[in-house]
Amino acid sequence: MKTNLSSQIKLERISPRYYSPATDLERASLTREENIYTRIFENSNDGSEYIAGHIVERINKSIDKKGHCVMALGAGQSTHSVYASLIEKHKRGEISFKKVIVFNLSEFYPQENDGPSTFARLKQVFLDHIDILPENVHTIETSVSKEELFDYCMDYQTMIDDCGGIDITLCEIGPNGSLAANEPGSLSTSACRLVLLGEETRRRVAKEYNVESAPATAITLGIGNIMKSSRIMCVAWGENRAEIIKKVIEGQVTDNVPASFLQLHNHTRIALDLSSAEDLTRISHPWKVTSCEWDDKLIRRAIVWLCEMTGKPILKLTNKDYTDWGLGELVALYESAYNVNIKVFNELQHTITGWPGGKPNADDTYRPERANPYPKRVIVFSPHPDDDVISMGGTLQRLVDQGHDVHVAYETSGNIAVGDEDMMRYFLMMDKIAPEFGFDTESYKKLSDDVHKFVDSKVPCEVDSPEIREIKTMIRQAEATIACNYIGVKPQNIHFLRLPFYETGTIKKGDLSEKDVTIVKNLIEKVKPHQIFVAGDLADPHGTHRVCTDAVLAAIDELINEPWMNDCRIWMYRGAWAEWEIGHIEMAVPMSPEQLRSKRNSILKHQSQMENAPFLGNDDRLFWQRAEERNRATALLYQSLGLASYEAMEAFVEYHPIKS
């Protein structure tokens, strides 16, 4: 069973010459927008192997020079694959750590019983597997009182200085640009100190350490300490790092992005995978730094960028515009700006369709979906009980209205997102009407009393009782059913899968298992769909979307050789956190003002998510507001390029399974 297929989604082919140039001369040209030495690899394993090899080299040089090597180590998730590679090199006899001295970069403070600990994690993933001497391992003491903390931090720095200073620092670049526990706002001269952790960092820590809540503070070596290292090596993997990585490597040096101070260090190396590097100029806009290997997607992206730079629609771009903005290659290849313009204009025009299931009895040569068969059997997989209408409510309505047999499969119960206040609203009503309608039985009274007592005495982060989780599940199922009824989905076509990985009662979920995949697989086998819609938005702050997507893709992978799968297309949608870049969009479904209002109404059926929904991330807007603004922005972008003007649009990208 393949459980991580979402990590292998590649929307386009990136030429190796952009991320792995053959010569130093080519590298110098490609990286002229970058202010830190950066290596990009196809995957995190290759990047980790590179960093591990460089660490081994530096350790040996340091030992040869002064008899030992001092390392400052972080325990962030991205570093774990580097440690795995170092452990393998140690087992093969390539490196000994007997003359290595280790200092922990940061630790949570105060330390709680069974609470998260970077040092415990560091021991688990690295130190316990190598031949380092116990007396050479130093970590931050968290039992120190706050009154003694300042002096202790100074002493920790002195310990490092007495060892001759840090030779190698290894850490990850955090999603907000942090280094160790140096959050945005940290100064370049900051020393070892107590810091306040931001909400985003605490959510990430809670998830990575499988705890309900993370400590609010930590002790960390400061930016000033890290910058004194002889060598600094940083890693970052995954698309959720892409935006901040561009700021770190190509942006201004600022304390708002602490890792940007690495631009001032002469011996820093950063290793990235393609996903985390996707916003760097040489990957996202390679025409700005080199001659390109042009394919249809890269041409489309370049022309959309050119329109943005010039403020012109596609068909008004001139030869001069191309040459002025460094795209003269395209004019040379296609002989004139007009030839490029009409090619890209037609490609984008062909992505627009009001028939997401295909238009019956129509020429489908230039349509995103085929005309036949009609009607189609369709499954829309929704990670939570409202992602279907938030992400593709307009398209879902069209599929139903146009006669297709539409199934909606809600993968998780979503019960953790129902607040106690929303649940108690129902109990307060039932308590009032129970005597009137004769269901004030002893069992109901006991249930009501138990719920009231539990909620009244509930402490923060306490796990709901099984009964309360079931009631909250029923609330979400009822809301989803009402939304489906509003759209016109047949009652028998509404499926509540309740994948087991989600049912922990806590924010932290379980791992994807064969049981989860089997549930999804059974539904697909039963329906034998001609279309599958699956969430492709992997940036949600709680991670459930990625696991749900992996479940669907794993099921598809196991069914891929079934004859009926040859006639099935898989479309990926995105939710409330991001939208597909226009260069990737393969189907854009327009909505009129009336259709957009209908979509809003279907979202509003999920009343428990209107005011108190958790996991909104850093965006204070409610989901219906995000969805409308995102859909309107997509339509405005198409309009700015000279295409038809619509009120809003939902966008999709086709997923192509790899047959084994």
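Everything quoted here is computed from the prediction, not taken from an experiment.
- A donor-acceptor pair shorter than 3.5 Å can be found between the side chains of E49 and S85.
- Using a 4.0 Å cut-off between a side-chain N of Lys or Arg and a carboxylate O of Asp or Glu, K472 and D422 do not qualify as a salt bridge.
- For residues 241-272, no residue pair satisfies the ring pair (Phe, Tyr, Trp, His ring centres under 6.0 Å) rule, not counting sequence neighbours.
- For the ring pair (Phe, Tyr, Trp, His ring centres under 6.0 Å) condition, the pairs that include at least one residue of residues 131-177, sequence neighbours left out, are F103-H138, F103-Y156.
- Rounding to the nearest 0.5 Å gives a distance of 15.5 Å between CG of L512 and OH of Y502.
- Looking at R282 and E34, a side-chain N of the basic residue comes within less than 4.0 Å of a carboxylate O on the acidic one, giving a salt bridge.
- Heavy atoms only, all atoms of each residue included: N182 and G222 are closest at OD1-CA, 3.5 Å.
- K99 pairs by the salt bridge (charged side-chain N to carboxylate O under 4.0 Å, His left out) definition with nothing, not counting sequence neighbours.
- A donor-acceptor contact closer than 3.5 angstrom links the side chains of T118 and N104.
- In this model, no donor atom of one side chain and acceptor atom of the other lie less than 3.5 Å apart for N415 and R498.
- A search for salt bridge (charged side-chain N to carboxylate O under 4.0 Å, His left out) contacts involving R202 returns nothing, not counting sequence neighbours.
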Between M424 and V451, does a side chain to side chain contact (heavy atoms under 4.5 Å, CB included) hold up when you go through it step by step?
CA-CA 9 Å; M424 292 309 297; V451 169; 3.7 Å; yes

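- With respect to E57 and R231, no salt bridge is recorded, no charged nitrogen being found less than 4.0 Å from a carboxylate O.
- Within the 4.5 Å cutoff, side-chain heavy atoms of L262 are placed close to those of C234.
- There is no side-chain donor-acceptor pair under 3.5 Å between E470 and T473.
- A salt bridge is absent between E579 and R626: the closest approach of a Lys/Arg side-chain nitrogen to an acidic carboxylate oxygen does not fall below 4.0 angstrom.
- Side-chain atoms of I603 and D386, non-hydrogen and from C-beta on, never get closer than 4.5 Å to each other.
- For T281, the side chain to side chain contact (heavy atoms under 4.5 Å, CB included) criterion is met by E33, K246, E250, H285, K288, V289, not counting sequence neighbours.
- S143 and Q111 share no donor-acceptor pair across their side chains, judged by distance under 3.5 Å alone.
- Checked for salt-bridge contact, R632 and E628 meet the test: a charged N lies under 4.0 Å from a carboxylate O.
- Using a 4.0 Å cut-off between charged nitrogen and carboxylate oxygen, R469 and E503 do not count as a salt-bridge pair.
- Contact detail for Y573 and D387: the closest heavy-atom pair is CE1-O, 4.2 Å.
- Using a 4.5 Å cut-off on side-chain heavy atoms (C-beta onward), C171 and L179 make contact.
- Two residues are said to be in side-chain contact when any heavy atoms from C-beta on lie closer than 4.5 Å; I59 and F97 meet this criterion.
- We find the CD1-OG1 distance between I140 and T220 to be 6.5 Å, quoted to the nearest 0.5 Å.
- For the residue pair S81 / S48, a side-chain donor-acceptor distance below 3.5 Å is found, with atom types taken as modelled.
- Defined by atom type and a distance below 3.5 Å, a donor-acceptor pair is present between the side-chain atoms of S276 and D273.
- No donor-acceptor pair under 3.5 Å is formed between the side chain of S229 and the backbone N or O of I232.
- A 4.5 Å side-chain heavy-atom check between I249 and L280 finds at least one atom pair inside the cut-off.
- For the 3.5 Å distance criterion, the side chains of S178 and N176 qualify, holding a donor opposite an acceptor.
- Residues satisfying the ring pair (Phe, Tyr, Trp, His ring centres under 6.0 Å) test with H129, not counting sequence neighbours, are none.
- Under the rule for a ring pair (Phe, Tyr, Trp, His ring centres under 6.0 Å), the partners of F41 that lie at least two apart in sequence or sit in another chain are Y50.
- T634 places a side-chain N or O within donor-acceptor distance of the main-chain N or O of R630, the cut-off being under 3.5 Å.
- Counting heavy atoms from C-beta outward, N225 and I160 have side chains that stay 4.5 Å or more apart.
- Contact between I168 and I55 at its shortest, heavy atoms only, is CD1-O, 4.0 Å.
- Every residue meeting the side-chain hydrogen bond (donor to acceptor under 3.5 Å, both in side chains) condition with E629, not counting sequence neighbours, appears here in chain and number order: R621.
- Applying the salt bridge (Lys or Arg N to Asp or Glu O under 4.0 Å) definition to pairs two or more places apart or across chains, those involving residues 161-170 are K66-D167.
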Apply side chain to side chain donor-acceptor pair (under 3.5 Å) to E239 and S275, showing your working.
CA-CA 5 Å; E239 64 182 30; S275 295; 5.5 Å; no

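- Counting only N and O atoms by type, the side chains of S260 and Q252 include no donor and acceptor under 3.5 Å apart.
- Under the salt bridge (Lys or Arg N to Asp or Glu O under 4.0 Å) criterion, the residue pairs touching residues 119-133 are K123-D128, with sequence neighbours excluded.
- Side chain to side chain, S284 and E278 fail the donor-acceptor criterion of an N or O pair below 3.5 Å.
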Walk me through it: do Y410 and F381 pass the test ring-ring contact (aromatic ring centres under 6.0 Å, His included)?
CA-CA 6 Å; Y410 298 105; F381 282 100; over 10 Å; no

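- In plain terms, the two heavy atoms of L73 and Y83 that are nearest each other are CB-OH, 3.4 Å.
- For E467, there are no salt bridge (charged side-chain N to carboxylate O under 4.0 Å, His left out) partners, not counting sequence neighbours.
- Under the salt bridge (charged side-chain N to carboxylate O under 4.0 Å, His left out) criterion, R39 pairs with no residue, sequence neighbours left out.
- Taking 4.0 Å as the cut-off between side-chain N and carboxylate O, D279 and K247 do not count as a salt-bridged pair.
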